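First up is the structure itself, then whatever we jot down about it.
Start at 1 and go down the list; that is how both ligands and their atoms are numbered. Note that the structure is predicted; figures quoted are calculated from it, not measured.
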Amino acid sequence: MTARMLPSTGLLRRVRQPSAPIPHRPDDDGLLDRFGRRAVDLRVSLTERCNLRCTYCMPEQGLPVIPNESLMTAEEIERLVRLGAAHLGIRKVRFTGGEPLLRRDLADVIARTAALGVEVSLTTNAIGLAARAADLRAAGLDRINVSLDTVDPDVFAEVTRRPFLDRVLDGIAAADDAGLGVKINAVLLRGVNDHLAPDLLAWCLDRGHELRFIEQMPLDPGHAWDGDDMVTAAETRALLGDRFVLTPHDAPRDGAPAERFRVAARSTGDELGTVGVIASVTESFCADCTRTRLTAEGHVRSCLFSDDESDLLGPMRAGASDTDVLDLWRRAMWAKPRDHGDDADGMVHPSRGMSAIGG
Ligand code: SAM
Ligand code: SF4
């Protein structure tokens, strides 16, 4: 399958475009692209496998398995992060997948990464986290984001195709007890869990977890995404408005994808906390993108929505020097597309889904 253009949703509001292309790569050590952006934030996928089958992310039968020998080892990840931190300006590393907790060597991967002096975070579905949160914290994990689209067990089973809500909730509680800062990510699906958005927010506010709603992106491998059916950020704010008053947060956004709001109870006016809404489809924030990604097989992917990948692991295993690997990574970044509409008006549905790229 190749990337294909999706019909324009008619919703896309381009907030700020990256600047005009720079004709030649300046003599600069960092991960610079043609539009003047610099990547400092690395996402590393540890596996494409997952124990859930969220309908917006994974096909029911799962994805073709990547053989273990094709995945980056802990040592290879450490080498790439060391190069990124020492020479390219990488400051933060987030491990993701697939489900990163399925890697038995996750604590080792985290310990090696934390020892390099970068901030380490994890995006996870939290299944199995109850038994491992304290160890991961001790290994150097700073923060986690847990995906939780609803706290209704039946709706959870419908969205994820698995009846595992209790395990997720146990994982979140253990992470909190271990002192990990917990944020919750949720995707709303029309007619499935959108009506439960206020309940999810109330649940998160009660426990002090910041919740961020993310617009559903065309990253499902089944290509069933329909822009006209997507619950937009504006609709999400309206859904929450029945029970809560949202006031834009005064803290500067600093290029962060989430627009943050202070939340007060509509009935009493009591301040309850904050919520974020990420308009990943309807408001392009490509101009402020600071990300570079490594797939589980060690390919640099500079944009979620571009199928261009540059293999670093193959050359590394064939004996490439640090200088060669750095050069490949810089060249991949220089080729990063301007935005996720592939420079046209409409979003591109990449051939690999979110779980394969690393969300
Ligand atoms: N399994 C882990 C988890 O669920 O947190 C990590 C990988 S998952 C691909 C990372 C994030 O991507 C999750 O927060 C998930 O909700 C989000 N995601 C997956 N598919 C998406 C889509 N089509 N649109 C928006 N977000 C998506
Ligand atoms: Fe698995 Fe995360 Fe994708 Fe859900 S969103 S199927 S938990 S990788």
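- Across all non-hydrogen atoms, the minimal contact from Glu99 to Thr124 is OE2-OG1, 2.7 Å.
- The heavy-atom pair separating Val120 from Leu141 by the smallest distance is O-CD1, 3.5 Å.
- Looking only at side-chain heavy atoms (C-beta outward), Ser321 and Asp324 come within less than 4.5 Å of each other.
- The line from SG of Cys303 to CE of Met333 is 9.5 Å long, rounded to the nearest 0.5 Å.
- For atom 1 (Fe) of ligand 2, the N/O/S atoms of Cys50 include one lying under 2.8 Å.
- Listed by atom number, the atoms of ligand 1 under 4.0 Å from Glu99 heavy atoms are 1 (N), 2 (C).
- For the salt bridge (charged side-chain N to carboxylate O under 4.0 Å, His left out) criterion with Glu210, the lone passing option out of Arg143, Arg260, Arg262 is Arg260.
- Residue contact check: Gly97 has heavy atoms under 4.0 Å from atoms 7 (C), 9 (C) of ligand 1.
- By the 3.5 Å distance cut-off applied to N or O atoms, Ser147 is counted among the residues near ligand 1.
- Listed by atom number, the atoms of ligand 2 under 4.0 Å from Asn125 heavy atoms are 7 (S).
- Between Asn145 and ligand 1, not a single N/O pair is under 3.5 Å apart.
- Atoms of ligand 2 found under 4.0 Å from any heavy atom of Met58, numbered from 1 in the order shown, are 6 (S).
- Remark: ligand 1 and Asp149 share no N or O pair separated by less than 3.5 Å (distance only, no angle test).
- Remark: Leu169 CG to Leu148 CG distance equals 6.5 Å, nearest 0.5 Å.
- Using a 4.0 Å cut-off to heavy atoms of Gly98, the atoms of ligand 2 that qualify are 8 (S).
- Atom CD of Gln61 has more than 12 neighbouring heavy atoms from other residues, nucleotides or ligands inside a 6.0 Å radius.
- Those atoms of ligand 1 with a heavy atom of Asn125 less than 4.0 angstrom away are 2 (C), 3 (C), 5 (O).
- In terms of heavy-atom proximity, Leu101 sits nearest to Gly128 at CD1-C, 4.4 Å.
- Residue Met217 places at least one N or O, backbone or side chain, under 3.5 Å from an N or O of ligand 1.
- Scanning both residues, Met72 and Glu297, for their nearest heavy atoms gives CG-C, 4.3 Å.
- Summarising the geometry of Ala175 relative to Val182, their closest heavy-atom pair is CB-CG2, 3.9 Å, with the distance given to 0.1 Å.
- Counting heavy atoms under 4.0 Å from ligand 1, residue Val146 does not touch it at all.
- Under a 4.0 angstrom heavy-atom cut-off, Pro218 registers as lying outside contact with ligand 1.
- Using a 4.0 Å cut-off to heavy atoms of Thr123, the atoms of ligand 1 that qualify are 2 (C), 5 (O), 6 (C), 10 (C).
- Which parts of ligand 1 touch Gly98 is read off a 4.0 Å heavy-atom cut-off, strictly below it: atoms 1 (N), 2 (C), 6 (C), 7 (C).
- Of the polar atoms of Thr96, none of the N or O atoms is found under 3.5 Å from an N or O of ligand 1, judged by distance alone.
- Taking every heavy atom of both residues into account, Asn51 and Arg162 meet most closely at O-CG, 3.6 Å.
- Note on Cys57: not counted as a metal contact of atom 4 (Fe) of ligand 2, no N/O/S atom lying under 2.8 Å.
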